[in-house]
Novice: 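This is the structure I want to talk about, given as structure tokens.
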Amino acid sequence: MQRSPSLSATAGDMGAVAFCNALFRRNEMVLLLCLAMVIVFFSLASGSFFTIRNFANVFGQASLAMIAGIGVGVIVLAGEIDISIGSLAGAAGIPLVVIMNNGGSLELGIAGALALALTVGLVNGYLAAYLGINSLIVTLGSMFVIRGLIYLYTGQKAIPDEQSLESFYQIGNGRLLGTVPYSALTAFALLMGFMYLMRHRPFGRNIYAVGGNPEVARLAGFNVKGIKFICFVISAVLAGISGILLSSRLGSAVHVAGLGFEFQVVAAVVLGGVSLAGGVGSLFGVALGVLILSFLSNGFGMLDVPTEWQEVATGIIIITAVAFDEYKRQRK
Amino acid sequence: MPAEPSPIATQDGPALEVIGINKRFPGVVALEDVDLTLEPGKVHALMGENGAGKSTLIKILAGVYRKDSGAIRIGGMDADLRTPRDALRQGIKVVFQEIALISEFTVAENIYLERYPTDRLGSVDWSAIRKDAAALFERIGFDIDPAAKVGDLPVSQQQMVEIARALAHQAKIVVMDEPTSSLTPKEVELLFNVIKRLTGLGIAVLYVTHKLGEVFEIADTVTVLRDGCRISTKPIIEHTQDSLVQDMIGRHIENLFPHSRDMTGGATILSVEGLSTAKLTDINFEARAGEVLGFFGLMGAGRTELAKAIVGFDPIHTGRIVIDGKALLPHDTRTGVALGIGLLSEDRKTEGLMPELSVLHNASLAALRQFTIAGFVDEGRERGAVQQFIDKFRVKTPSLHQEIKYLSGGNQQKVLLARWLMRGLKVIVVDEPTRGIDVGAKSEIFALLDRLAGEGLAVVMMTSEMPELLGLSDRIAVMAGGRITTIINRNEATQEAILNAAIA
């Protein structure tokens with residue numbers, strides 16, 4: 001037990017101090033508080049912010065980063081990183097649209113997109129986990145390779161969806177009862193599933209252990225390489241799903257789709273309190289990170305704040321959040 | 001998930017047999033034709049000095065290293081221990097000296113790390129984990145909160161968690177690597193009770209240590225390794241302290257330590273007055289030119305912290321450090337070096353060596369300015385100066401340009417000593433100067449330190465090795481809990497007095 005003899009509070013303050021300490025120790029509580037502050041601020045500043053319609057929109061917009069963020073969250077918790085997800089999300093639309101344009105069904109198109117994502121995940125995972133190449137380098141490389149291949153294949157043009165299948169439009173744009181976007185429901189379902197995995201399945205706990213201390217995990221008899229390998233596959237497949245929804249939103253396979261997406265997602269993951277060193281953080285935190293950034297973007301939009309300033313604000317928020325984490329850690 | 005470890009079905013014959021194991025590393029024979037037999041329900045001590053091959057043998061049993069040749073049989077069956085997982089599956093649990101726990105996880109979760117209890121759906125059964133861990137602790141008398149985060153616990157409790165982990169997984173063979181190195185006497189007693197409980201369950205315990213007292217208290221049989229070879233295996237009752245030391249060292253302790261000097265009270269070079277830091281309280285001592293001042297303490301006593309504070313590496317709260325009449329600015333190694341105090345760190349790999357650089361560049365690193373003319377290094381003078389030290393210290397290296405990582409531990413240590421002495425130091429602080437160095441090279445390092453003192457340096461030596469302390473020091477300071485408990489002259493020092501002061 002750690003004592004803090006320097007704590008010179010009077011008896012009356014002690015309860016409040018202890019409460020605040022307990023509150024701020026839980027990173028998720030701090031994030032929830034931030035999210036609430038963001039919502040309150042924009043609700044006061046803009047009349048049309050605090051409406052069901054607008055919240056449904058934000059959840060819809062957040063869903064792509066949420067789905068990819070789950071994957072990146074998992075890989076970062078395992079002590080690795082994947083920045084190829086933006087290129088991969090963009091690439092996933094190509095087999096999808098091309099298969100449909102050649103008379104294939106939506107299901108076949110989706111299978112094609114997921115097969116591509118799976119392949120990328122297997123290659124990333126093999127290079128990083130089994131050959132032991134630094135994952136930042138591996139996925140930086142695959143980010144460029146995939147984007148380059150997209151440009152070569154598309155001739156730097158979008159591939160329009162010629163079939164105009166209603167089902168293809170619906171997966172990215174449809175809403176349950178005209179209100180809740182299906183994509184938000186998909187993201188929510190995936191979030192619940194992966195939160196359960198990470199908290200309550202032995203495999204999820206093993207991911208934390210591997211990210212927290214790979215040497216200990218190896219001595220405990222874990223297949224460290226195999227666990228990391230699977231995390232790369234998870235990350236890629238979720239990026240692929242995100243890319244399928246993106247393609248539906250855009251109504252085509254766009255050659256520049258997903259450019260810079262990886263950094264939005266990594267930003268949300270870091271804001272969500274996941275340590276880039278691995279093993280520390282939660283997917284709930286990631287979800288809150290995604291929502292905070294999404295609500296900010298939405299609220300700034302309503303106040304007509306130029307997107308340039310939004311980027312500046314995002315950057316400052318991320319550095320502040322991580323600095324706060326670091327401050328807490330050093331104080332311990 | 002059975003909560004109660006049941007006695008293992010009594011089997012005839014040994015729990016573990018190691019037969020003629022060999023292991024080589026580049027340039028070193030770590031184990032040569034070593035045999036070892038563990039009986040169920042018995043404690044077998046494995047003894048030997050640093051570098052004798054104990055760690056290598058343990059790591060082979062843990063599945064971390066692969067043996068080059070020889071056989072391992074568990075319960076009479078040939079076992080192939082290729083990975084840590086194989087070892088665990090075969091019932092071998094190794095409790096390493098360096099704690100192998102996930103510090104972000106709770107105590108309870110760490111205990112079941114290898115195999116989580118699960119419910120029907122295969123989900124982790126958290127309530128079973130908490131209950132089983134609490135029940136296990138109660139049964140073995142550990143006072144640890146299963147819900148505490150491991151990273152928040154002191155090292156001694158973390159070690160207890162490791163041992164509980166072995167029990168939870170019903171290991172048949174438990175290997176403990178220097179388990180008492182960070183424990184208080186009370187905790188050691190608790191550990192011994194636990195070991196008796198383990199053997200009562202029919203578990204075979206391999207107890208690895210270099211502490212004589214413990215072996216006579218806990219072991220049934222002792223195997224001594226020296227330089228990778230098995231020297232003896234005997235029931236403990238056939239041993240005396242002397243016979244064990246004889247087996248471990250292979251020569252008389254006196255021969256290891258030259259002690260050529262007449263200790264004359266030289267001038268005070270270093271004086272530390274009322275020094276307190278986060279880990280140290282009111283430290284006062286003086287070191288004189290021409291003497292070796294030895295600091296002894298158990299793990300956590302504050303030796304390394306003291307070493308780092310007096311050279312200006314770590315911040316200090318209060319107190320003064322004076323070197324040859326000039327006060328050192330605290331938390332500033334630059335003035336420390338300028339005033340003539342340097343630290344030879346206990347952690348050669350991360351705080352000493354530049355592994356990819358040559359012997360030449362490692363040696364001249366801190367003294368480059370001496371060879372610099374108009375911003376350029378005069379490489380001829382640099383080589384000449386380093387060569388002098390290489391000759392004087394008898395460093396074995398094929399050339400000055402050899403990368404230092406290819407040298408043996410002892411030769412690396414000599415190069416690092418040279419690095420400091422090229423600066424013309426007045427005080428050299430050496431922290432565990434012979435850690436990871438084989439016996440032969442040890443005596444050379446001792447001779448070197450002795451000679452440096454003879455040349456008028458003040459040598460401040462931090463050590464946890466009793467023979468080293470008694471053999472080399474002129475005066476001995478003993479530390480416990482961040483304080484100096486006593487400072488005695490060498491001719492008045494006995495092992496008992498020092499140990500008593502260390503656990504005070």
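Fair warning: this is a prediction, and the values are worked out from it, not measured in the lab. Every chain is numbered from 1, with letters handed out A, B, ... down the list of sequences.
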Novice: So which part of B/L113 gets closer than 4.5 Å to some heavy atom of chain A, the side chain, the backbone, both or neither?
Specialist: both
Novice: A/H200 and B/W126: side chain to side chain contact (heavy atoms under 4.5 Å, CB included), yes or no, with the steps?
Specialist: CA-CA 8 Å; A/H200 297 296; B/W126 292 112; 2.8 Å; yes
Novice: Could you tell me which non-hydrogen atom of A/P202 sits nearest to which non-hydrogen atom of B/T118, and how far apart they are?
Specialist: CG-CG2, 3.7 Å
Novice: Taking non-hydrogen atoms and a cut-off under 4.5 angstrom, which of residues 219-238 of chain A neighbour chain B?
Specialist: A/L219, A/A220, A/G221, A/F222, A/N223
Novice: For chain A, which candidate among B/K93, B/E109, B/R85 shows the most heavy-atom pairs at distances under 4.5 Å?
Specialist: B/R85
Novice: Quick check: are there more than 12 heavy atoms from other residues, nucleotides or ligands sitting under 6.0 Å from CG of B/D78?
Specialist: yes
Novice: Can you find a heavy atom in the side chain of A/R218 that is under 4.5 Å from one in the side chain of B/T83?
Specialist: no
Novice: Give, as side chain, backbone, both or neither, the part of B/S123 having an atom under 4.5 angstrom from any heavy atom of chain A.
Specialist: both
Novice: Which atom pair, heavy atoms only, marks the closest approach of A/A209 to B/F105?
Specialist: N-CZ, 3.7 Å
Novice: Between B/R89 and chain A, which part of the residue has a heavy atom less than 4.5 Å away: side chain, backbone, both or neither?
Specialist: neither
Novice: Please report the shortest heavy-atom distance between B/L121 and A/R201, naming the atom on each side.
Specialist: O-NH1, 2.5 Å
Novice: Mind checking the OH-CZ spacing from B/Y112 to A/R205? Nearest 0.5 Å is all I need.
Specialist: 15.5 Å
Novice: Grab the two heavy atoms, one from B/L101 and one from A/N213, that are nearest each other, plus how far apart they are.
Specialist: O-ND2, 4.3 Å
